[in-house]
There are 2 protein chains.
Amino acid sequence: MIADPQSAFRALADPTRRQILMMLRRQDMTIAQVAGNFDMTRAAVKKHLTVLTDGGLVTVRTRGRERLNSIDPQGMAPVRDWLGVFDAFWDDRLAALKSAIEEDSP
Amino acid sequence: MIADPQSAFRALADPTRRQILMMLRRQDMTIAQVAGNFDMTRAAVKKHLTVLTDGGLVTVRTRGRERLNSIDPQGMAPVRDWLGVFDAFWDDRLAALKSAIEEDSP
DNA sequence: CTGTTTTGATACCATTCGGTATCGCAATTG
DNA sequence: CAATTGCGATACCGAATGGTATCAAAACAG
């Protein structure tokens, strides 16, 4: 049984959130730091970060009055697992294509 | 340069659409066939299929008055490519975690 | 040709979503 | 203590989204 990927897929569907993930890849950041890189209010960024944490892609740890956001390395596992189902599909398709070609040219 | 994954991520964000992809994995289907597996109107399913084709995940071919929907094997490439950027990140993180643990318990 | 079937297109509705404005709270700093 | 700083929470707004109902068009059957 694999985890429900819905919240993760939902989190990845917004370009701003994917951009935030790209930023967090380099270093952990506070909300204010993240917001400094966007033309939107801190509250809006906070909402995006909430969606990302709900999706399991980001974790938060408190340090004094700061809240550091970091990527959760395990977060994309449900997404990868779901997409992995299609690997077999690709293989099947290609195999079918291959045998079709082989039967065409005996 | 990799393709913009926005439309594909958008398409994958809805559970109904992911379910449709799972169904199309087994066989190509008309809109009516797909709609037969859901408790919603054909028009609603048609909208989902439009989002899926916009995302490059599904292609349509006309056969008589039927419109057969099939999965596009190349459609998920932009998504995979985008996610791939985080592979190196995972490795780095896990390596850092591993060495941190090893340094903690000698 | 007439009627049925499969589909596309549109108008419309309720909900969700991305965003701002604003308030209040906790932690540092003077 | 008071002032500042960083953050969370909420109410509110416009736009997008998921869904229905409905109509028109194309392809096949009789």
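Proteins get letters first, then strands, A, B, ... in listed order; numbering begins at 1 in each.
Using a distance-only test at 3.5 Å, with no hydrogens or angles considered, no donor-acceptor pair links the side chain of Gln6(B) to the main chain of Gly55(B). Of the possible polar contacts, one joining the Arg17(B) side chain to the Arg10(B) backbone as a donor-acceptor pair under 3.5 Å is found. Judged by distance alone, the side chain of Asp28(A) and the main-chain N or O of Leu24(A) form no donor-acceptor pair under 3.5 Å. Arg18(B) places a side-chain N or O within donor-acceptor distance of the main-chain N or O of Leu12(B), the cut-off being under 3.5 Å.
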(message) Across nucleotides 17-30 of chain D, 5' to 3', mark each nucleotide with B, S or - according to how protein heavy atoms within less than 4.0 Å reach it.
(response) SSBBB-----BS--

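For the pair Glu66(B) CD and dT4(C) C1', the interatomic distance rounds to 15 Å; values are reported in whole Å. Rounded to a whole Å, the CD1 atom of Ile31(A) is 6 Å from the P atom of dC7(D). For the pair Phe9(A) CZ and dT16(C) P, the computed distance is 22 Å after rounding to whole Å. The nearest whole Å value for the distance from the NZ atom in Lys46(A) to the C1' atom in dG24(C) is 15 Å.
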(request) For the pair Leu57(B) and Asp72(B), evaluate side chain to side chain contact (heavy atoms under 4.5 Å, CB included) and give the outcome as yes or no after the intermediate values. (result) CA-CA 5 Å; Leu57(B) 301 173; Asp72(B) 184 346; 5.9 Å; no

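In terms of hydrophobic clustering, with Ile, Leu, Val, Met, Phe, Trp and Tyr side chains grouped at heavy-atom distances under 4.5 Å, Leu21(B) and Leu83(A) are assigned to a common cluster.
Inter-residue side-chain proximity for Leu68(B) and Met29(B) is flagged as unmet; no heavy-atom pair is nearer than 4.5 Å. For the pair Phe38(B) and His48(B), the minimum side-chain heavy-atom distance is 4.5 Å or more.
Each end of the helix from dC1(C)-dG30(D) to dG30(C)-dC1(D) yields a helix axis from five base pairs, and these two axes differ in direction by 20° (to the nearest 10 degrees).
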